[in-house]
Amino acid sequence: MSATTLRPRRPLFGKGFKMTLGGGIVLGAVLLAIFAPLVAPYDPYQQSLSMRMKPPAWMAGGSPAHWLGTDAYGRDLLSRLIYGSRLSILVGVASMLFSCLLGSAAGLVAGYKGGRWEQVIMRFADAQMAFPDILLAILMVAALGGSAVNLIFVLGVSRWMIYARVVFNLTRSLRQRPFVEAATLYGASDRYVIWRHLLPQMVPVLTVVSTLQVAQMVLQETALSYLGLGLPAPTATWGNILSEGSSRLFVAPWIANLAGLAIIILVWGINMFGNGLREHVDPKSRLAPR
Amino acid sequence: MLAYAARRLVILPLSLFLVVMVTFVVLRLTGNPVDIFLDVTSTPEQVAALTEKLHLDEPIPVQFLIFLRDLVQGDFGQSLQFNEPALQTVLQRLGGTLQLAGTGLLLAIVLGVTLGLVCAVWRDRLADLVISSLAVAGQSMPSFWLGILLIQLFALNLGWLPTSGAGGWRHIILPAITLATILLPNIVLITRASVLEMSGEQFVIAARAKGLSRLRVLLTHVLPVSLNPLLSFLGIQIGTLMGGSIITETIFAWPGVGRLMLTSISNRDVPVVEAGVLVIAIGIALTNLAVDLLQMLIDPRIRRH
């Protein structure tokens, strides 16, 4: 095998490159989201009957007044995409935080207490792992209704077990390490051991997992919006714009495609950054799958 | 191995019970199906009749027990949308989903393992760089947008393939590609990583020392054991495949269980949703078991009893 006999080449895209490029994209998107009112040329909800479905400026019939064109209600697409980034990023990050909190707590209890706790929590995690998370999310959104808070809750609950597994395995192996045993022998309380010895050790791994999960959450949120289970209609989210555009592919394909492009750029940036981060934390893991 | 399979089959009803119970509770939170199926002009008698038929006047634990009693007899009740037994409604569409998921999975595995091998053999060369980068891009691709792009290119612009629906073999091409792309990037990356890892093992060096050609060693010694991590991954991802099927079936109006679930959930067709969830859960559990057994067959090192 060439792989074993040759000295591995230095990869063209190193972790530094990935983190800079990915981080740059994410930072750009976050800044756009924060300063949306300053950056967006129009009000994203302002309709105009005379300006319906204008193509982007570079296409025939487009005008420089609307760089990316307009949608079926004459709303400026660029402005809607800029404002849409707010909800996509907000829901992505918040649901990641919620599922991280939920899953880490569950994994910590299961790994630290063991016994019956472990049986119940980890069997439940296994069962949910095998079930389609999007189906669970659809069921729950149908039950609770689509608002930003509900979406964050639903997405968080649908993926908590990913953190639970990681934290459970880490807790179990860390508990047997000498410094944790020593602390326990000295009479340290559970709380002390968990906060001072276990959690700090998990931060690097959890950071990597969480970063990559934000990408998944953004994709899940847009998928739910596409299925009509996201935030209610006039709200500017990327999933909503794509969903509205997909019913007008014949006449105005740019609406769906530009929204899709926005989604893939952000998610790719997050994945790039996350992969670079993982190589930094664990150099052996280059380009391993999630 | 048989004992292991038997033990797994014994635990199966327990996890299925969990799934059924959670679905039941969530569905009871979704509001009253009576309100959706009867319009405002319906008489109080009609409301009372449907309420009684669905046992909605009983407390929820009692409802659940009634539901379980019927379930054991294979009776999920009548579908509210189609007025036929709910299980029958689901099973009728199961074939469509299996066809789509099977084709998509096969496509993803064949293409993914081939590309992963190419990456591993020419590690850090141009081919690896291009394929790996595309794989990461593929992980970032919303599958429904890919479906929409395929429709635009092959159906609207070129006119080669139908935009949606089911019929001949031409109908399944675009949905299968869309579904395959959900798993493809990870299959490429896992195959790549696992072939690279196995290439350093003693038995590979021994085989090379015996004088076997590189290609021979790769295909007969490295590839079989490298498939194991891939199988573990696929076992976990069967749920994802099913979820992807819901989205793909919706984009292409493919008549399958996924789209049926989506419409049944929004129509509050509780019996169909319950039957569908159970059928999906059983399918996933059995696939997982099959994957585990297959792994034991391939790699004697992990044979349990």
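In what follows, every chain begins at residue 1, and chains take the letters A, B, ... in the order their sequences are listed.
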Roughly how far, to the nearest 0.5 Å, is the [atom2] atom of [Y] from the [atom1] atom of [X]?
X	Y	atom1	atom2	value
B:T250	A:L227	OG1	CG	5.5 Å
B:S132	A:N275	OG	CG	10.5 Å
A:I264	B:M141	CD1	CE	5.0 Å
B:S143	A:Y226	OG	OH	9.0 Å
A:Q216	B:T240	CD	OG1	8.5 Å
A:L219	B:S140	CG	OG	7.0 Å

Legend entry - Segment of B:L146 engaging chain A (4.5 angstrom heavy-atom cut-off): neither

Inset, instruction - Name the region of B:L149, side chain, backbone, both or neither, that has any atom closer than 4.5 Å to a heavy atom of chain A. - result: side chain

Legend entry - Leading residue by heavy atom contact count with chain B [cutoff under 4.5 Å; candidates A:L229, A:V218, A:L261]: A:L261

Inset, instruction - Go through A:D126, A:I134, A:L242, A:D133 and name the one with the most non-hydrogen pairs under 4.5 angstrom from chain B. - result: A:L242

Legend entry - A:L135: which of B:L262, B:I246, B:V273, B:T23 passes side-chain contact (heavy atoms from CB on, under 4.5 Å): B:I246

Inset, instruction - Taking the side chain as every heavy atom from C-beta outward, state whether B:W145 and A:N257 have any pair of such atoms under 4.5 Å apart. - result: yes

Inset, instruction - With the side chain counted from C-beta on, respond yes when A:P132 and B:I284 share a heavy-atom pair under 4.5 Å apart, and no when they do not. - result: yes

Inset, instruction - Give a yes or no on whether A:F153 atom CZ has more than 12 heavy-atom contacts from other residues, nucleotides or ligands under 6.0 Å away. - result: no

Inset, instruction - Answer yes or no: are there more than 12 heavy-atom neighbours, outside B:E197 itself, under 6.0 Å from its atom CD? - result: no

